[in-house]
Amino acid sequence: MSPHDNETLKTIRNRRSIRSFTTDPVTDEQIRVLLEAANQAPSAHNQQSWRFIVLRNEKKQELADLVSSRANEFPRPSSALLRMAARSIQSAPVVIAVANTGELISHGTDLFKVDKEMAYDFFRTMEIQSSAAAVENLLLAATSLGLATVWLGILFLMKDEVLQVLGEPAGEFMAVIPVGYAQRDTGGPQKQPVEMRVKMLD
Ligand SMILES: Cc1cc2nc3c(=O)[nH]c(=O)nc-3n(C[C@H](O)[C@H](O)[C@H](O)COP(=O)(O)O)c2cc1C
């Protein structure tokens, strides 16, 4: 192995979005490992302003039913993406949702001095960025265990209803992540070469 390669970098390269799953179960221990990895992410002021909601059985079905029943109310391509999201939720043995709690938004100014006009925007952005780090940790931990995932952001379009199903009506929608074993691995899309996304400044 090259000194510039290791298991972590391999896991990062191997992660890809998978949208249909086998019926093989995900164990409670695997779920715990994913949640621990997510909770280990960096967070603004170490406030961990996230909540992880694990959906199985009837609750997972309730979410799939909500998404498929409302999909046709949206124009294309959202309707198609929502139908696909509903199928992913349905086929995965477990779904982990992530919501921001809003705690940093409410109490951030006790910890950190920020201009009043800036405060809401600042702390909300910090919550979103913290939760995004937690989501990526969860996706990478899943990959490292041989599990497949997809980050479903499209459910933002019906976020209020989704947050109701999650029991987090006061939270902010971040992600819904079906977790299971890949039905098929299509290899994932090509990425643009990193050089196209980098600017070096000296
Ligand atoms: C914020 C965010 C939202 C996403 N939302 C969706 C989604 O709603 N439905 C979906 O199928 N994939 C979704 N994805 C997955 C992307 O389509 C996927 O990451 C991208 O095509 C690159 O493929 P890869 O993950 O296999 O590298 C989302 C990814 C991110 C980061």
Side-chain angles (χ1 to χ4, degrees), residues 1-19 33-52 77-78 80-81 84-85 88 96-157 159 162-163 168 171-179 182 185-202:
M1 196 188 283
S2 131
H4 301 298
D5 206 359
N6 57 45
E7 290 303 318
T8 306
L9 293 170
K10 261 191 220 155
T11 300
I12 290 170
R13 281 198 300 274
N14 287 340
R15 185 215 54 78
R16 56 185 53 106
S17 298
I18 298 290
R19 298 174 176 84
V33 169
L34 301 186
L35 296 172
E36 290 281 357
N39 195 52
Q40 198 60 37
S43 68
H45 255 277
N46 199 25
Q47 289 302 290
Q48 301 173 266
S49 51
W50 46 57
R51 181 117 50 225
F52 308 116
S78 303
L81 288 170
M84 192 161 71
S88 298
I96 301 177
V98 184
N100 300 342
T101 59
E103 286 161 329
L104 189 59
I105 298 173
S106 343
H107 303 298
T109 44
D110 303 340
L111 305 161
F112 202 82
K113 271 216 168 355
V114 188
D115 276 355
K116 254 206 170 80
E117 316 81 73
M118 253 262 182
Y120 176 81
D121 218 19
F122 178 71
F123 289 118
R124 176 166 179 259
T125 302
M126 293 303 107
E127 286 204 358
I128 293 170
Q129 293 182 354
S130 303
S131 292
V135 173
E136 181 66 357
N137 266 17
L138 193 154
L139 302 187
L140 292 174
T143 304
S144 78
L145 297 181
L147 291 166
T149 55
V150 60
W151 179 332
L152 296 176
I154 192 76
L155 269 57
F156 184 89
L157 297 178
K159 61 185 167 59
V162 170
L163 288 167
E168 294 292 325
E172 174 162 24
F173 173 88
M174 266 303 297
V176 164
I177 310 161
V179 182
D185 186 348
T186 49
Q190 279 285 323
K191 306 284 173 173
Q192 289 179 352
V194 69
E195 293 73 21
M196 291 178 65
R197 295 280 154 194
V198 176
K199 184 162 74 177
M200 297 284 192
L201 301 175
D202 283 314

Any luck finding a side-chain donor-acceptor pair between Thr101 and Glu103 under 3.5 Å? yes

What residues, two or more places apart in sequence or in another chain, satisfy side chain to side chain donor-acceptor pair (under 3.5 Å) together with Glu172? Arg124

With sequence neighbours excluded, what pairs up with Glu36 under the salt bridge (charged side-chain N to carboxylate O under 4.0 Å, His left out) test? Arg32

Partners of Arg15 by salt bridge (charged side-chain N to carboxylate O under 4.0 Å, His left out), sequence neighbours excluded? none

So, the side chain of [X] versus the backbone of [Y]: is there a donor-acceptor pair under 3.5 Å, distance only?
| X | Y | result |
| --- | --- | --- |
| Ser131 | Met174 | no |
| Asn100 | Gly102 | no |
| Glu168 | Arg51 | no |
| Ser130 | Ser43 | no |
| Glu127 | Thr125 | no |

Minimum-distance pair of heavy atoms, taken over all atoms of [X] and [Y]:
| X | Y | result |
| --- | --- | --- |
| Leu104 | Ala44 | CD2-CB, 3.8 Å |
| Arg16 | Gly187 | NE-O, 3.0 Å |
| Ala38 | Ala134 | O-CB, 3.4 Å |
| Gly171 | Leu163 | O-CD1, 3.3 Å |
| Thr8 | Asn6 | N-OD1, 3.0 Å |

Measure the spacing between [atom1] of [X] and [atom2] of [Y] and express it to the nearest 0.5 Å.
| X | Y | atom1 | atom2 | answer |
| --- | --- | --- | --- | --- |
| Leu34 | Asn39 | CG | CG | 12.5 Å |
| Leu155 | Leu81 | CG | CG | 10.5 Å |
| Leu140 | Leu145 | CG | CG | 11.0 Å |
| Gln47 | Ile105 | CD | CD1 | 12.5 Å |
| Asp121 | Asp115 | CG | CG | 12.0 Å |
| Ser78 | Phe156 | OG | CZ | 12.5 Å |

Can you list every side chain to side chain donor-acceptor pair (under 3.5 Å) pair that touches residues 136-146, not counting sequence neighbours? none

Applying the side chain to side chain contact (heavy atoms under 4.5 Å, CB included) test to Ile177, which of Leu139, Val150, Leu152 qualifies? Leu139

Using the salt bridge (Lys or Arg N to Asp or Glu O under 4.0 Å) rule, collect all pairs that involve residues 187-202, keeping only residues at least two apart or in two chains. none

Pairs satisfying ring pair (Phe, Tyr, Trp, His ring centres under 6.0 Å), at least one member in residues 122-155, at least two apart: Phe112-Phe122

